Protein chains: 2
Amino acid sequence: MIFGSLREELRDQIVEICRIVSLKKGAYLFREGDLSKGFYIVNRGAVSLHKISSEGDQQVLKIFSAGESFGEATVISFTRYPANARAECDTMLVRVDKAEIQRLARANEQIAQCLAIAVAGHLKHLVSHMEDRAFLSPESRVAKWISSQSVRGAFEAAYGFEMEAPKRCVADELGMASETFSRKLRALKDKGLIEVSKKQIRVVNPVGLNKIVELGD
Amino acid sequence: MIFGSLREELRDQIVEICRIVSLKKGAYLFREGDLSKGFYIVNRGAVSLHKISSEGDQQVLKIFSAGESFGEATVISFTRYPANARAECDTMLVRVDKAEIQRLARANEQIAQCLAIAVAGHLKHLVSHMEDRAFLSPESRVAKWISSQSVRGAFEAAYGFEMEAPKRCVADELGMASETFSRKLRALKDKGLIEVSKKQIRVVNPVGLNKIVELGD
DNA sequence: CGTGAGATTGATATATCTCAACAGAAGTGG
DNA sequence: CCACTTCTGTTGAGATATATCAATCTCACG
């Protein structure tokens, strides 16, 4: 919640410069190198921020879900988006216009602050992401990802959560081949730690799952 | 050059809140979880920002050399350093005090701006770092690293550059075992692209080196 | 000149990627 | 509403590149 700390009056000012954007699954919001029109806040759905190599394989930096925002850095500093953004399912988000938010940020210290904090948050996330990749085995990464997804809502512990993005995309985010993701998911199921049905995942044994995260497989 | 865009008067204000810090090789500037005292600008030497896993192996986020700064995000947003910083050779840097720079940033828009831009720069660097790891072979990564190091100064094309950090540390930054780094360095030498002597590396064939970066080995 | 940290080289194991075939779901269109 | 096509995910078998382990070497420094 990027502007969660602002008082209502300021938030109203921001709402006025927002524009709703709807995307069908697979549609691109922007591509690497495009001029920035502003940053985005996901309302519902999922957007993957990713790079694509010359050989065509992709590296997912992060999948953003409802409530999360991305692209703030292009308001503060760069003029072009440094990666691609694509809807991984039907998605609705708001665009916060670049020129307008810059105007508001200049007028109000706190808004500029919020943007800077958001960028710092992204930096922190990337660091821990790199850390996970370097230190954790594929199975541990899958386990950690499941844990982090299932703490979002309380009832999700009971009913499980739904994967909004295709599995191949999640696999890319976790830095492994989609086949490997598939196998590791199965391994966790066979150990009785989770239940998988279609796009639903439910954690059966949270303690055991965390053991996988910490001790490897 | 984080404050390079500021007019002299403002820079003088900042100089006043700086404190020189000297570190011997191997000494820690701060550790993960320490309360932030401010951010740092490297004057000479090299500092590695890294994480250490429970099993003891390290993941180097970046090695900072003269002129580069790090830790700005702890001024903007977090209160604790999210990684370890260690001098990889005898190093001199300046600390910009947290409370003081916050005071100046509040008083002057432009200073806050500089900090935010620096953080955004770090974010961008990490992204391209992850990209390289995902898409490039170890040999390509070594080649790219050498290229990037040797463009710093013009005369370095002729005399080569000196590695300030130990090879094992550079290897960690490039995401490979130090043995692999050693082998890849040798491979590039055997191909006649570079010359290596001790800690000096000189690029003999820049074109061929870039070919390795782009086409793999 | 001796000592030790850092670097190189060699041999090996293994985990994951890759390629390929298959299965199932979902969407399309008549 | 049912075939048909397409897309996504699953499973299997095998190759390969790099991590790992271990031995040796080099050089800086005391």
Side-chain angles (χ1 to χ4, degrees), chain A residues 24-27 46 48 53 55-60 63 86-90 132-142 162-190 194-201 212 216-217, chain B residues 24-27 46 48 53 55-60 63 86-90 132-142 162-190 194-201 212 216-217:
Chain A
K24 286 231 162 286
K25 175 177 179 177
S48 80
S53 78
E55 285 96 39
D57 29 42
Q58 64 171 353
Q59 151 81 345
V60 173
I63 300 172
R86 175 182 2 100
E88 296 301 340
C89 57
D90 291 357
D132 289 345
R133 281 213 195 178
F135 297 151
L136 270 41
S137 71
E139 186 159 336
S140 297
R141 274 177 284 167
V142 172
E162 174 149 355
M163 296 173 43
E164 292 178 298
K167 289 204 177 84
R168 61 174 306 117
C169 187
V170 176
D172 273 331
E173 186 184 14
L174 298 179
M176 64 190 75
S178 75
E179 293 94 328
T180 304
F181 182 68
S182 188
R183 286 184 239 268
K184 295 311 179 187
L185 219 48
R186 175 171 236 293
L188 293 175
K189 195 180 78 179
D190 289 347
I194 60 173
E195 279 171 6
V196 185
S197 76
K198 193 62 206 148
K199 301 215 128 197
Q200 297 278 336
I201 296 180
I212 298 284
D217 37 271
Chain B
K24 287 232 161 285
K25 175 177 180 177
S48 80
S53 77
E55 284 94 41
D57 29 42
Q58 63 171 353
Q59 151 81 345
V60 174
I63 300 172
R86 174 180 5 97
E88 296 300 340
C89 57
D90 291 357
D132 290 345
R133 282 212 195 180
F135 297 151
L136 272 41
S137 69
E139 187 158 337
S140 296
R141 274 176 284 165
V142 173
E162 173 149 356
M163 297 173 42
E164 294 179 298
K167 288 203 177 83
R168 63 172 303 115
C169 187
V170 175
D172 274 331
E173 186 183 14
L174 297 178
M176 64 190 74
S178 73
E179 293 94 329
T180 303
F181 182 67
S182 188
R183 286 185 241 268
K184 295 310 179 188
L185 218 49
R186 175 171 236 292
L188 293 175
K189 195 180 78 180
D190 289 347
I194 60 171
E195 280 171 4
V196 185
S197 75
K198 194 59 204 151
K199 302 216 129 198
Q200 297 278 335
I201 296 181
I212 298 283
D217 37 271

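Fair warning: this is a prediction, and the values are worked out from it, not measured in the lab. Chain identifiers are assigned alphabetically (A, B, ...) following the order of the sequence lines, protein sequences preceding nucleic acid strands; residue numbering begins at 1 within each chain.
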Original post:
Mapping A:Lys198 and A:Asp57 to their closest nucleotides on DNA chain C, which lands nearer the 5' end?
Top reply: A:Asp57
Original post:
Is any side-chain nitrogen or oxygen of A:Lys199 closer than 4.0 Å to OP1 or OP2 of C:dA25?
Top reply: no
Original post:
Does A:Lys167 make a side-chain N or O approach to OP1 or OP2 of D:dT10 shorter than 4.0 Å?
Top reply: yes
Original post:
Has A:Lys184 got a side-chain N or O lying under 4.0 Å from the OP1 or OP2 atom of C:dT16?
Top reply: yes
**OP:** In sequence, state the C-alpha distance, the side-chain angles, and the governing distance for B:Gln200 and B:Val196, and then conclude on side-chain contact (heavy atoms from CB on, under 4.5 Å).
**Re:** CA-CA 6 Å; B:Gln200 297 278 335; B:Val196 185; over 6 Å; no
Original post:
Distance check: side-chain N/O of B:Arg168 vs OP1/OP2 of C:dA7, anything under 4.0 Å?
Top reply: no
**OP:** Using atom CZ of B:Arg133 as one end and atom P of D:dA19 as the other, report the distance to the nearest whole Å.
**Re:** 11 Å
**OP:** Any chance you could lay out the side-chain contact (heavy atoms from CB on, under 4.5 Å) test for B:Arg141 and B:Arg133, step after step, and finish with the verdict?
**Re:** CA-CA 7 Å; B:Arg141 274 176 284 165; B:Arg133 282 212 195 180; 4.2 Å; yes
**OP:** Taking the side chain as every heavy atom from C-beta outward, state whether B:Leu188 and B:Glu139 have any pair of such atoms under 4.5 Å apart.
**Re:** yes
**OP:** Starting from the C-alpha separation in whole Å, work towards a yes-or-no answer on side-chain contact (heavy atoms from CB on, under 4.5 Å) for B:Glu88 and B:Lys25.
**Re:** CA-CA 5 Å; B:Glu88 296 300 340; B:Lys25 175 177 180 177; over 6 Å; no
Original post:
Looking only at side-chain N and O atoms, does A:Arg183 come under 4.0 Å of OP1 or OP2 in C:dT16?
Top reply: no
Original post:
Given D:dT20, C:dT18, D:dT18, which nucleotide is nearest the side-chain atoms of A:Glu179?
Top reply: C:dT18
Subject >> d(CD, A:Gln59; P, C:dC17) in whole Å >> reply: 13 Å
Original post:
Whole-Å distance between C:dG6 P and B:Glu88 CD?
Top reply: 10 Å
**OP:** Nearest whole angstrom, please: distance from the P of D:dG9 to the CG of A:Asp172.
**Re:** 11 Å
**OP:** Using atom CG of A:Leu174 as one end and atom P of C:dT16 as the other, report the distance to the nearest whole Å.
**Re:** 13 Å
Original post:
Can you check salt bridge (charged side-chain N to carboxylate O under 4.0 Å, His left out) on B:Asp172 and B:Arg168, steps first, answer last?
Top reply: CA-CA 6 Å; B:Asp172 274 331; B:Arg168 63 172 303 115; 5.2 Å; no
Subject >> Spacing between B:Gln58 atom CD and C:dG6 atom P, to the nearest angstrom >> reply: 11 Å
**OP:** Ignoring the backbone of A:Ala177, work out which of D:dT20, D:dG9, C:dC17 is nearest its side chain.
**Re:** C:dC17
Original post:
To the nearest Å, how far apart are B:Glu139 CD and D:dA17 P?
Top reply: 12 Å
Original post:
Counting just side-chain N and O atoms, does A:Thr180 come under 4.0 Å of either OP1 or OP2 of C:dT16?
Top reply: no
Original post:
Starting at CZ of A:Phe181 and ending at C1' of C:dC17, how long is that distance when rounded to a whole Å?
Top reply: 17 Å
Original post:
Quick one: which of C:dA26, D:dT18, C:dC17 gets closest to the side chain of A:Met176?
Top reply: C:dC17
